[in-house]
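To start, the structure under review is shown below, and the notes come after it.
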Amino acid sequence: LGVYKYIFLGYFVRKTNIPVYWIWGHYLSYQKYSFEAMVKKGFDGDVFNCNGACFCFFPPKNLTCQFEGRTVLEEYDYDDVSPTNWCLVLAGMIIFYRFVFYLAVKRSAMKSHS
């Protein structure tokens, strides 16, 4: 299960390449939301210089040997990510999983007392 979430999180396989029957795991992974929010905050609005030979992984803007962070976000389909919304999703996941764990512990304690 751990390997699955790393493969389909977005690090190695993009969301568009994940098979339809596995896409649910992409949205259940808490790391998807934190990773996408950090990438959005790190690249949005910034301009990056290419190396000395003007070799850029992304197309340079105006032949200046620079590329915009927005280009990276568009390439990975993170341009519509809202870090605030993703933080709210993470908070909701924390509350949900805590509640489920509480119910599991309570049920286990009730069984042991019976």
Side-chain angles (χ1 to χ4, degrees):
L1 184 61
V3 172
Y4 166 79
K5 71 179 177 181
Y6 288 116
I7 290 175
F8 293 118
L9 174 63
Y11 297 138
F12 303 113
V13 179
R14 293 186 185 178
K15 182 174 68 172
T16 55
N17 296 335
I18 297 174
V20 175
Y21 50 88
W22 285 115
I23 198 70
W24 59 269
H26 176 75
Y27 291 104
L28 287 180
S29 175
Y30 68 91
Q31 294 169 329
K32 164 213 179 337
Y33 300 100
S34 58
F35 175 71
E36 288 182 4
M38 287 191 309
V39 169
K40 176 75 171 192
K41 293 295 269 183
F43 283 94
D44 197 25
D46 286 343
V47 176
F48 300 93
N49 294 320
C50 301
N51 66 7
C54 198
F55 175 77
C56 297
F57 183 72
F58 297 96
K61 72 174 206 178
N62 302 332
L63 302 173
T64 60
C65 292
Q66 296 177 330
F67 65 93
E68 295 180 355
R70 184 174 26 130
T71 307
V72 177
L73 296 173
E74 290 169 359
E75 178 71 23
Y76 288 98
D77 294 327
Y78 294 163
D79 49 340
D80 62 342
V81 168
S82 168
T84 304
N85 289 346
W86 271 199
C87 286
L88 292 174
V89 169
L90 286 170
M93 290 176 118
I94 290 169
I95 292 167
F96 174 75
Y97 289 130
R98 290 267 180 165
F99 181 70
V100 168
F101 181 71
Y102 169 76
L103 292 178
V105 169
K106 187 173 182 176
R107 182 174 183 214
S108 176
M110 290 174 78
K111 279 187 174 181
S112 67
H113 283 65
S114 299

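Predicted model only: the values in this text are computed from it and were never measured. Starting from 1, each residue takes its place in the sequence as its number.
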**Request:** Let me see the working for H26 and R14 under side chain to side chain contact (heavy atoms under 4.5 Å, CB included), right down to the final yes or no.
**Result:** CA-CA 10 Å; H26 176 75; R14 293 186 185 178; over 6 Å; no
**Prompt:** Can you check side chain to side chain contact (heavy atoms under 4.5 Å, CB included) on Y78 and K40, steps first, answer last?
**Reply:** CA-CA 7 Å; Y78 294 163; K40 176 75 171 192; 5.6 Å; no
**Prompt:** Are Y21 and W24 connected in a single hydrophobic cluster, I mean Ile/Leu/Val/Met/Phe/Trp/Tyr linked by side-chain heavy atoms less than 4.5 Å apart?
**Reply:** yes
**Request:** Could you check if a side-chain atom of I23 sits within less than 4.5 angstrom of a side-chain atom of K15, using non-hydrogen atoms only?
**Result:** yes
**Pairwise distance CZ(F43) to CZ(R70) - rounded to 0.5 angstrom** = 14.0 Å
**Complete:** Of all heavy-atom pairs linking D77 and D80, the shortest is O-OD1, 3.6 Å
**Prompt:** Between V81 and Y27, is there a shared hydrophobic cluster once you connect ILVMFWY residues whose side-chain heavy atoms come closer than 4.5 Å?
**Reply:** yes
**Prompt:** Under a 4.5 Å side-chain heavy-atom rule over Ile, Leu, Val, Met, Phe, Trp and Tyr, are L88 and I94 clustered together?
**Reply:** no
**Asked** With under 30° as parallel and over 60° as perpendicular, where do the rings of Y33 and W86 fit, or are they tilted in between?
**Response** perpendicular
**Prompt:** Does one hydrophobic cluster hold both V89 and F96, with members joined at side-chain heavy-atom distances below 4.5 Å?
**Reply:** yes
**Message:** Count I, L, V, M, F, W, Y as connected when their side-chain heavy atoms are under 4.5 Å apart, and connections chain through other members. Are M93 and L103 then in the same cluster?
**Reply:** no
